Each structure stands twice: as C-alpha cells, then as structure tokens.
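Bear in mind the structure is a predicted one, so any value in this text is a computation, not a measurement. First the proteins, then the strands, lettered A, B, ... as listed; each starts at 1.
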Amino acid sequence: MSPAKQTNSEDYLRMYRQMVRIRTFEDNANQLYLSAKMPGLTHMYSGEEAVAVGICEALTVTDKITSTHRGHGHCVAKGADFKEMFCELLGKEEGYCRGKGGSMHIADQSNGNLGANAIVGGSMGIATGAAFTAKLLGTEDVTVCFFGDGATAQGLMYEVMNMAALWRLPVIYACENNGYSEYTRTDEIAAGSILARAEAFGIEAHQVDGQDVLAVNDLAQKLVARARTGDGPFFIELMTYRYHGHHVGDINRDYYRSRAEEKDWKENRDPIIRFRSWLVAEGIASDDALEAVNAEIRAEAADAVDYALNAKYPDVSEVDMHVFTDVRHALA
Amino acid sequence: MSPAKQTNSEDYLRMYRQMVRIRTFEDNANQLYLSAKMPGLTHMYSGEEAVAVGICEALTVTDKITSTHRGHGHCVAKGADFKEMFCELLGKEEGYCRGKGGSMHIADQSNGNLGANAIVGGSMGIATGAAFTAKLLGTEDVTVCFFGDGATAQGLMYEVMNMAALWRLPVIYACENNGYSEYTRTDEIAAGSILARAEAFGIEAHQVDGQDVLAVNDLAQKLVARARTGDGPFFIELMTYRYHGHHVGDINRDYYRSRAEEKDWKENRDPIIRFRSWLVAEGIASDDALEAVNAEIRAEAADAVDYALNAKYPDVSEVDMHVFTDVRHALA
Amino acid sequence: MREITLSQAVNEALAEEMRRDPTTFIIGEDVAEAGTPFKILSGLVEEFGTSRVVDTPIAEPGFMGLAVGAAMTGTRPIVDLMFGDFIFLIMDQLCNQAAKTHYMSGGKMSAPLVLRTNLGATRRSAAQHSQSLHALVAHIPGLKVALPSSAYEAKGLLKTAIRDDNPVVIFEDKLMYQDKAPVPEEEFLIPFGEANIKRDGTDVTLIGTSSMVQVCEKAADLLAAEGISAEVIDPRTIVPLDEATLLASARKTSRVIVVDEGHQSFGVTAEIASRINEKAFYHLDAPALRMGAMDVPVPFSPALEDITVPTPEGVADTARKLMSGEMIDAA
Amino acid sequence: MREITLSQAVNEALAEEMRRDPTTFIIGEDVAEAGTPFKILSGLVEEFGTSRVVDTPIAEPGFMGLAVGAAMTGTRPIVDLMFGDFIFLIMDQLCNQAAKTHYMSGGKMSAPLVLRTNLGATRRSAAQHSQSLHALVAHIPGLKVALPSSAYEAKGLLKTAIRDDNPVVIFEDKLMYQDKAPVPEEEFLIPFGEANIKRDGTDVTLIGTSSMVQVCEKAADLLAAEGISAEVIDPRTIVPLDEATLLASARKTSRVIVVDEGHQSFGVTAEIASRINEKAFYHLDAPALRMGAMDVPVPFSPALEDITVPTPEGVADTARKLMSGEMIDAA
Ligand SMILES: Cc1ncc(C[n+]2csc(CCOP(=O)(O)OP(=O)(O)O)c2C)c(N)n1
Ligand SMILES: Cc1ncc(C[n+]2csc(CCOP(=O)(O)OP(=O)(O)O)c2C)c(N)n1
Ligand SMILES: [Mg+2]
Ligand SMILES: [Mg+2]
C-alpha cells in the first residue's frame, strides 16, 4: 500500500467510512433479496469499494458521475443517504426516484450522480455530454464515467472517446475491470488491450490496482485536477473483483469461476481489510475506533432498512406523472 | 512505383483495364447526372481506382466484398458489367437490382459483391458476418470490407473488429482514407491514429499508398492469402483522394479544400497515369496499345449508357415484389 | 400430451432445427455455457459446440450486423437478444439492413435470420428491461413478427421462423418462460399468418397477443360466469396478420377488444383495430376497442408497475361496457 | 406577409432561439461551415462560433448520447440528424435514455433536447434515405413529436420545441426545404397539441401530416371542383395529439381519411383512425380510412417510387368512394 500522502487524517477516515458504508449497504440489500423483501433483483458492488470511493473522494459535490447496473457503490460514494437508497430499492415513494427507478436506475442528482443505467455502456454518451456542458458553460465540473470491462465491447464508447479527445472534454472514463461480464471471463470477450484502445484515440490511459484505495485516490486526484484545467480526457482501468454473483440470484457460479479464485480475492486483496490494517499501522486510527465506525454504520443501515420497509409506496396516481415535465398526468 | 512482380503481364494489363473502366464509368455517370438523365445523385470513385482494383485483383470470384455509398469502383473492380450497372443507376429493370437499389445499393451477388450501403459504416457487420460464414462452413472465402475514413467514427467498427479478432475471422477491413468525410477534413473528426485503433484489438494493421496499384495489390495478395489460412483479420489504411466533390452535386468546395490540393493529387499522384507510365517504362505495353484499351472501354461505356437510357423501367407491379422471399406481391 | 415449459419448448425447437440444418447457429451474449440468464439454452453448446453456439461480447449492433452478413452468405443465424429493450441498439442493422436486403437487391439477396428476444413487464425490472417493442419492428416492411402465447406456439413458431427465408423477429414473453403447456413429442410447425381461435364465443371478440392471450382467456372466464360469451383469438404472427380470421369473428360478434402489452399509442392495437373498423365497420355495434400498456415508461415500484398492463378484470370490464352499449365516448 | 423557404424558417428559428438562450447549441455532422448538405444552417457558425455549432464525426449514437448528457446537466442541445433514416442508429439513446430520464428519476432529472431530422420519399434516394419514421418515436412515452407542414410551422414548432423541457423530435419534410410560405417577421411560437384547420369543409375530413397536408389540400381542390367540400386538418404535433379538434371535425363531416407518409401498417394513420373510430363511432357514416405509404422499402426507380406515397388524386379518389357509400370492404 502507498505511504500516507493526505495531510488530513479525516480524509483517510472518510474513505474508510465510505467503503464500509458501501459494503454494509450491499450486505443489507442482499439480505433483503434473500428474504424476498426486495422486488426484482440487484447487482452487488461488494469487493469493488476502493474504486468508487477512491475516485469519488477526488470529486467535488458538483462534479458529475454516471453509473451502471452495479450502481449502489457509486451512489453511496458520491454522497447519497441510506434511507432514500433503500426506499428506492424497495420501490417506495421516498426513494431517490420516488420508486420509479429502482436499483438499476438509482440516481442522486443533488450529489451529481446522473444515475445508474440498465443498458451496458448506455451512460457513456451521457457522461461525455455532461463534460460537454462543463466546457460550454465554463463550470469547471469534471465528469467520471463508470463502466465495466464488458461495456468496452459497446461501440458507443469509441464514438464518444473520439469526440472527447477531439474536443478535450473534462471526462474520465473509469473502467472497472472485475474480470467478468456476467458469466464470461474478460479475455473471452475483449481482444487486444483495453488501455491501448483508449490510447489509440490519443487519450492518456492508466491502469491501477482497484483494491488499493490510496492508489486509486492518488491517481484520481491528479487526473481530476488536470481534467479540470482542460488537460483531459483520461481513461483509467481499475483492476478489481466482485465478490457476489453477477446479480444476487447468480448463486451457482462454479461453471464460470472457481471458489478458490473468489477466496483469494476476498482474503488477500480485500480493499477494506487492506486499508484498515494500513490505517492502524500508520497510527491514523485504532482498531477499536474503526470497529466503532463499522458498528455505527451497521446501525445506520439497519435503521434505514427498517424505515424503508415501513415506508409507503407511491400512490397509484403517480403512475402517469413525470412522463413529461409540463404535464401533471400524462394520461388524464 | 514498385518493381514488376507478377510473372504474367496479363495481370498488369487487367489491373490497368479495370482502373480505366472505373474512371470511364464514373465520367459517364457524372455526365448522366449533369445532363439530368440520372435520378437522384451519386458519389464518384474517380481518383481512388488503385484501391478497389489493387484489392479486388487479389480476390477470387467467390471472395466477398462489402461496399459503400461510393461504390461503383468496388462494383466494377469485383467484376460487374457496365450494362447492368448503368441500368441500375437509371432505375431500369435490367439493373443489377432491377432498379430498386440505385447507385447507393448497387450489388452484384454473382461476383461476391454484397452491395453498396447508404449507411456509413453500415456494412461492417455484414462483412464480418460473411467472414463468419466462411469460417463456419469452411468455404475459405475471404471478405474485404471497404469503408471510408469517416466511417471509422462509427462504433460498429470497433464492435465487429473485436469479434473478428477474437474469432480470427477471414476479413480484411480496408479503410479508404481520402482525407475527407463529406465536407470535413479527416483530422477534424478522427482523434489519435486510425491504425492504432485496429492494433489495439490485436489486429495487424498496414498503411499503404492507395495511388500505387502495385503496392496495394502486393499487400492485398499477401494478406488475403494469410486470411485464407486463418491468419486474419487484417486492417489496411489506404491513403487516397477523391477527385470530384463528395457527391456529384458538390461543386463549390473551396470552403473545405483548395483547388491547389486537388490539382496536385490529380497531376502528380493519379493512379492511372502512374501505372500507365510504369507499364510503358517496363515495356509491358506500348502507349498505343494502352490508348487502344482506353478507346475500347470508352466505346463499351457509351454503348452501355445508350442501352440503359433506352431500357425499360420495371413494371409498376414490381413495387411490392421482393419485400418477402415467399410472397410474390406483398400488398396483394 | 406431455407438458413442457416455454423455455424447454424453445430449447427443443432450437435443438431440432440445428440438427436438421448444419448452417444454423446461435449467437448472443452468454448463450453457450451459461445458456442465457434465463437458462433457456442449457445443453445446446454441449451438443453443437462453441462454433454453433457463439458467445459474444456485449455488442448488440455488432453481432446483429454480423448475423445479417452471415445470413446473406449462406447460413441461418439465430440471434439471441437478451432483453427486448435492447432492440433499440440494433434497429439500424435490423431495419436498415436485414429488412431491406431482399428488396434493395431486386430479389437477388436475402437475409434468412431469426432474432429471438422477449417482451413483458411486471417483473420489477424497470423501464429499460420491461418493454414490449414489437410494434416498432412490425412497422418496417420486410420483417416478419411472431408472438408466441404459450410453449406450444413458442416451439411451432420458432421452427417455422428458422426455416423462413426472411428475417423474422420472435418475441417471447419473459414471464412465461416457466409456464407449462401441452406440446406434442412429434415434430410440428405452426405456419405464419394463421390466427388461432383459442375459444369460440358469440358476444364479443377478444384479440390478444403474446402474454395477453392468457389475460383474454381469464377475462373470458370472468365473462362466462356472467353469461357473456367471449371469443378469444391469438393472431400468433402480426406480420403476416391473419385478417380473415379476425374479420370473420368481428362480423360474428359485432364487438371487438384488442389487447396487447405494447404501449397503446401508435402500437399494435391501433393497427388491428383499424383493420377491423375499416373492413367490418357495418357489422360492428361499437368501435373496436384497444387496450395496450399505459403510455408511460415502465415504473419499477410494484405498486405502479402492475397497473400499467391490461388485466383480466380490466378486459372483462371493457367487455361489459361494450355489451351494455355504454360507449359514451364514441357518441 | 413576406415569404421564406422552410429552410430559411428553420435557420431563423435556430438563430433566434440561440440568441435568446446561451445554453442552446447545435450538434451534428457538417452543421458548421457546410451548414448541412441541405445548406439549412448557413451563417449560424459565423454568428455563434464552433463551440455552439458543433461539427461531429459520423457517430450518430455518440453525439445523440452526448446530447442527452448535456441536456441533463444544463444545456439545450439541438441535434441535427442528417437523414431521418439514421434514427435507427440512435434509438437506444433517444428511447431508452432521453425519453425515460424524467420518469425514471421520479421527476428529478430531465433531458430538454431537440432532435431535428427529416422524412419524405420521392427524392430518388432509395430505401435508406427516404423513410418517414415518426411513428416509431411517437410510440415511446416521454418523447414529443412535431411534424411541420410548411415554413410557418417549421419555424413556430421548432422554437416551441427548443423551449420545451422535454425531448422533442421534429421531422422536416426534406422535399419541402425550398418551398416558400408566408412567415411573419415578428416572433411567434406554435403551441404543441393544437391542430390547424387548414380549410373548412362539411362533407369529408382529410387529416394530413407533414408533407401530406399539401397532398390533402390539393385533393380538396380536386374535390371542390366536383362539389365535395373537404375539411383539411394538420395536427402539427402527433404527441401531444389534438384529439378534440380531430373529433369535432369527424363528428361534423362523418367521414374521415387520415393521410401520412410513414408506412401504413402499424403507423400513424392507425393511431389517429383508431382514436376517431373509438370516440366518434356513432357519428361516422363510414370507418375512418387510412392512407399511408406502401408497406414496401422505398424503391430507387422513379417508376416505382412515385406510386409508394399517397397522391392528391389517390386521396380524392378515396374521398369520392367514401361519399358514394362505396365501402364494400367494410360491409
Ligand atoms: C446493452 C446491454 N446488453 C446486455 C445487458 C445485460 N447485462 C447486464 S450486466 C452485463 C454484464 C456487464 O459486464 P461489465 O460491463 O463487465 O460490468 P460488471 O457486471 O462486471 O460490473 C450484461 C451483459 C445489458 N444490461 N445491456
Ligand atoms: C450513418 C450515416 N451518417 C451519415 C451519412 C451521410 N454521409 C454520407 S457519406 C458521408 C461521408 C463519409 O465519409 P467517408 O467514410 O470518409 O467516405 P467517403 O465519402 O470519403 O468515401 C456522410 C457523412 C450516412 N450516409 N450514413
Ligand atoms: Mg465486469
Ligand atoms: Mg473519406
């Protein structure tokens, strides 16, 4: 792990806290699924926490992100609250999207999260457009586009990278390479080199250990600062791993990846365990203090789940609201 | 110009003849447009003859090509006849597509030309699929996908290159870089390097002087042979130039390219002039003999134009034929 | 007769046709070892190998385009599009290329491919995984469109689709994959353009497509209890459309409701109702009515999602109004 | 009043709105110096610069997606899609993203963008450059759809579209770009959802969209010469649709023909005819009839192309049959 660089230990502790919040959120979401309390299904971010947190901690609240089907981690990392998130997952009125979006469309506009997306690669244009806005209006916001290794197969990525490069847009393409797209290994669906694909468009590209939150944050800080001053776009490939199945229902997965592999990542490369040991070793926090953080987050999550389970569904009259901005009920 | 390599001077003469046939075809097509005898408009291939001919002369009759909106050159080079081509351009029943396709959809299945395409980049999937067929059925056919520099902006290209590379399909992507897409210079719409984009997918890529038919043919021979034995896919960038406007109606084009530039390409790099001098210099043919070839082709074209002008339009009852293979009249 | 699930029916149809014709192959995401997320294709890669059951990268336009070219050159691709909503990604290759190849070439080329995908909401999958977009492709000349309503149709129509020399789009109802129906062991095909009269009736005709056939049948049950005799018809393919059967029923009952899970406006119900109104107008006691899905993106919340699609109760209700002459709107 | 071409009207609308709102920008292929192949945008890049009149690579899905993101974050993109046929390439970004953003976010986000494109055959441009695909987008909830029928509407509707907070698709008739019409010098807007009664009549209602408004007017001329009084109505927007005006006319004349240049089957005529049949049934002497483009890919040959779209003579003919009670089909 990299040596301490931030001058303020609060920054480190916030990163730790945010990673634990993501893991805790996901554990609860998984429980909701397993106990049949959640409608539909969902994709867990557990294991990839250092990616979202390392990057989002380098962003301001008005900087934008676009997210994916595996979007809870990005949402938490960009500043969202548990209550509105769980409400959304359960389709409740107080959810971030009034229950209309659910897990795959969770968004949090107040913190610059333009939303999860159920179309693989579907948000690449959106992220590039957000960066276009920043340039046109001179806002200095930077946009980070999160997507998986599988999404690199979508042609849209190359179309927008070309434009971002030609117009030097303040966007960072963050490829979360977790080794799989659904039930298929990345090397079976990606020819050549992912980094080289970005570089071919004249985009500076970096690979980083996605399980090392400090390394991720360090790189992100630098690239975000450069993008902000017109030195973008950039591409980052973050090597990471998802602990659960592709979605919560993907339980028997021996046919596409081994338990030994999963065990290795969980035991030897877990981003939270690694960072926690480092915090303790560097004397930034005691183990007890970190344990207290965990407990506090667990309690917060339990409360939020409870709240969401008891919250009310949107009234049926909402069904034709929000089709158009200027028509209260589209079908009235 | 490269030294003579073919053992058979017939091959050289056929290449010469095919280039002149393309130029002559286009001159006549342009005349038909200018004299308002042709419906719609069309995109001239003049100037780029060495590309189509150099490549198609490396192919067998069952090898496949896919073509573009600028497709007459590919069609002639792959073996088509003037008569059916002019009939098609004029919307006549005896056209290759019974007048239903016109210039932008001219095809010649009998010679493996799967057709021009009015969607820029639209045939990249088709070409890759033709190569897939060859692999699945073991036919050993090679497919060449022609497209322009502008088409490299289409995401589809990256999607199919990825699959072609993963599955080692016998396809050659032939990028005709004529410096412009419509009214825009290539460097304004293509970031980074076109060759590197193919290489990033692990595809061997070459750049070649598209005005040198021997260089093109030489490279094509080698790559086609390798693709045939499973060593593909390949990517070629052919540096070339279109003499006319983007389409026949694009007359005043000073605002996007200079007359001096056009003059330079026409006078100093013309593929036919260069090859003709070489043929004479190498003693393969006399200037008189070549002049006779030209005259013969001019006469053939004039006859074909004449024939086409007098040929009949498809009967109106054909309008709802060929919508489905198994329904004679779709609207009956 | 033995009963199998719609998923098994699809699997059997594919296996039978792939055995029959070595130029067929399946292409799509996670179709091989995984057998798709719906596990429909289990076992096929074991029998036919990875050269004929081809896992692709997540590149729908790419593999659809590849299928068009493959079809044009002598194979019969069966494209697996994981969700019907992704059809938006492949519209160019499907509608500008595949649909027009035969026509644009004056009949010289063709693209005999099948696009298998799905439709249907109420699976809590939200706006991008719940759409029923068959009306879009039905609007494009050159494409045939099949909508199986049970395991039986899923098998018979898919086999026909694979043998058809034209591009065919077949939409399975993803909520029906585990539903069982009697399916003969012996080989059978269901011809395109032949509607199926699921139930005879005299008072009102309920025309339902795909998932809505069951809804119409349940509505007919509700109505039967009240002494209203509903005829239920499943067109099975909307291109070609068996107008004759639909019109005969309309002329007989004088009252028609068309039920479809696509959005109502500019959708399938409009076309079918229009044809009936046009060609059976003087036989109708009331206008042919339409019930499509609400014209709203599909909401995630179960509280909202369930009310966006037609239900047996809703259809029965509309039928009752038709019967009682309560068509105030049209007056 | 001065007369200007449809092309100039579009140019003026864009210039005025871009002056008014600095967050607007135009994006598309060859929109800047070239001013598009149709030369519609001449002069705009000189006034607004290349940061607001943005030439793109040939990457329709890419720049459409970019526009969605830009719209979501505070700008108002005006996307120039060179040919309506290319809409197939951008359906995912338009229909899965832009159309659903507001709904999926529970009203918290929106995508105020305009997609300007075109429709219309008989330009000898063959099957991939001649389609009229507005029915497809009208089927998707969340998109508004405008179809200007002259320079006047082109200006007024486009200005309204740019100020609308929703994604709007506007289809111009590419054969009309050089057609002149009176257009006021003073600023004006045309509200969405308000049909325009082009001509009053009592015997038959001709509802025409876009290019077909002229066709209906010419048909009305032919009919007038025979003493048949045709009312001609231009809905101007099909989403929202001014049902009230259409129904009032249908109830008055009792006979309706809907004319549209999209393919007839599963198209716009079906929706409009269905609504009229549903809601004015008992006022009609005959079913509302439909005349769309033939259900064939657009052929290149002039000998074939011209017969694929409705003509004034054809419309007049249908009207005559309606008048004479000659609706054998419906009997
Ligand atoms: C356009 C599209 N195609 C396919 C899918 C189905 N799908 C959902 S997630 C996924 C795999 C994505 O892999 P990757 O991008 O690596 O992200 P990860 O799940 O690994 O985080 C697929 C194929 C989809 N949602 N959208
Ligand atoms: C998808 C699509 N977008 C835009 C166009 C309009 N268009 C026709 S040709 C052309 C330029 C193509 O440039 P290039 O690929 O370099 O080929 P060239 O014309 O130079 O041969 C454009 C933009 C089109 N036909 N299809
Ligand atoms: Mg992945
Ligand atoms: Mg070019």
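Classified by interplanar angle (parallel below 30°, tilted 30° to 60°, perpendicular above 60°), the ring pair C/Phe38/C/Tyr177 is tilted.
The residues A/Arg185 and A/Glu188 are annotated as salt-bridged, a charged nitrogen and a carboxylate oxygen being separated by less than 4.0 angstrom. With respect to A/Asp108 and A/Lys78, no salt bridge is recorded, no charged nitrogen being found less than 4.0 Å from a carboxylate O. Here A/Glu262 pairs with A/Arg253 in a salt bridge; the nearest charged N to carboxylate O distance falls below 4.0 Å. A salt bridge between A/Glu48 and A/Arg242 is absent, with no side-chain N of the basic residue lying under 4.0 Å from a carboxylate O of the acidic one.
Annotation: maximal heavy-atom pairing with chain A below 4.5 Å, among C/Met294, C/Gln128, C/Arg124, C/Glu60, occurs at C/Gln128. Of the listed residues (A/Asp250, A/Asp315, A/Val120, A/Leu331), the one with the most heavy-atom contacts under 4.5 Å to chain C is A/Leu331. Ranked by heavy-atom pairs shorter than 4.5 Å toward chain C, the options A/Pro314, A/Ser181, A/Ala330 are led by A/Pro314. Taking chain C as the reference chain and counting heavy-atom pairs below 4.5 Å, the highest number among A/Ala118, A/Ala190, A/Gly249, A/Gly40 is found for A/Ala118. Ranked by heavy-atom pairs under 4.5 Å with chain A, the list C/Asp306, C/Leu304, C/Val296, C/Asp30 is led by C/Asp30. With respect to chain C, the highest number of heavy-atom pairs below 4.5 Å among A/Pro39, A/Ala191, A/Gly102 belongs to A/Pro39. For the set C/His129, C/Glu29, C/Glu33, the entry with the most heavy-atom pairs within less than 4.5 Å of chain A is C/His129.
For a residue to count as touching a neighbouring chain, one of its non-hydrogen atoms must lie under 4.5 Å from one of that chain's; by this rule C/Ile307 touches chain A with the side chain only. Of the atoms belonging to C/Asp295, heavy atoms from both backbone and side chain fall under 4.5 Å from chain A. With a threshold of 4.5 angstrom between heavy atoms, C/Phe86 approaches chain A through side-chain atoms but not through N, CA, C or O. For A/Tyr183, the parts lying under 4.5 angstrom from a heavy atom of chain C are both the backbone and the side chain. Interface residue C/Thr56: only backbone heavy atoms are found under 4.5 Å from chain A. Heavy-atom distances place no part of A/Leu156 under 4.5 Å from chain C, backbone and side chain included.
Under the ring-ring contact (aromatic ring centres under 6.0 Å, His included) criterion, the residue pairs touching residues 306-332 of chain A are A/His322-D/His102, with sequence neighbours excluded.
Checked against the 6.0 Å centroid criterion, the rings of A/His74 and A/Tyr45 qualify as a close aromatic pair.
Every side chain to side chain contact (heavy atoms under 4.5 Å, CB included) that A/Ala107 has, sequence neighbours left out, goes to A/Cys97, D/Met109.
For the pair A/Arg257 and A/Tyr180, the distance from NZ or CZ to the six-membered ring centre is under 6.0 Å and the angle to the ring normal is within 45 degrees.
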